[in-house]
Amino acid sequence: MAQVNKYSDFTELMPEILRAFIDKVYVHEKEKVDGVTRQTIEIVYNFIGSVELPTLD
């Protein structure tokens, strides 16, 4: 909670803040399905791991 409190009121997203909350970023290979190119990006957060977000279709 100390990290969350430290960065709870920021006006600019800076590398220091990203490093505090993000552990890893995986950029997967591009896929082309039915003429549509998609690329999956997976973000692994510190303290909670990977979060599955709904797709924007």
Side-chain angles (χ1 to χ4, degrees):
M1 287 306 294
Q3 289 282 42
V4 173
N5 289 332
K6 182 178 177 182
Y7 297 114
S8 65
D9 187 32
F10 62 90
T11 57
E12 182 180 343
L13 188 58
M14 299 178 350
E16 177 185 352
I17 297 170
L18 293 174
R19 285 191 291 272
F21 291 101
I22 296 176
D23 184 33
K24 299 174 189 157
V25 176
Y26 296 106
V27 180
H28 297 273
E29 212 171 312
K30 290 181 184 177
E31 296 179 295
K32 194 170 204 176
V33 178
D34 297 329
V36 177
T37 303
R38 294 181 183 249
Q39 188 168 18
T40 303
I41 299 172
E42 181 181 354
I43 301 172
V44 180
Y45 297 92
N46 289 325
F47 316 114
I48 60 170
S50 184
V51 176
E52 181 106 13
L53 299 175
T55 58
L56 301 173
D57 289 332

Transitively linked via ILVMFWY side-chain contacts under 4.5 Å: V33 with I41?
no

side-chain contact (heavy atoms from CB on, under 4.5 Å) with T37: which residues, sequence neighbours excluded?
K30, K32

If you measure from OG1 on T40 to CD on E29, what distance do you get to the nearest 0.5 Å?
11.0 Å

Closest approach of I17 to E12 (non-hydrogen atoms, all atoms of both residues)
CD1-O, 3.7 Å

Taken in chain and number order and not counting sequence neighbours, the residues that satisfy side-chain contact (heavy atoms from CB on, under 4.5 Å) with L18 are L13, I22

From F21 CZ over to E16 CD, what is the distance, rounded to the nearest 0.5 angstrom?
10.5 Å

Within a 6.0 Å radius of atom CD on Q39, are there more than 12 heavy atoms belonging to other residues, nucleotides or ligands?
yes

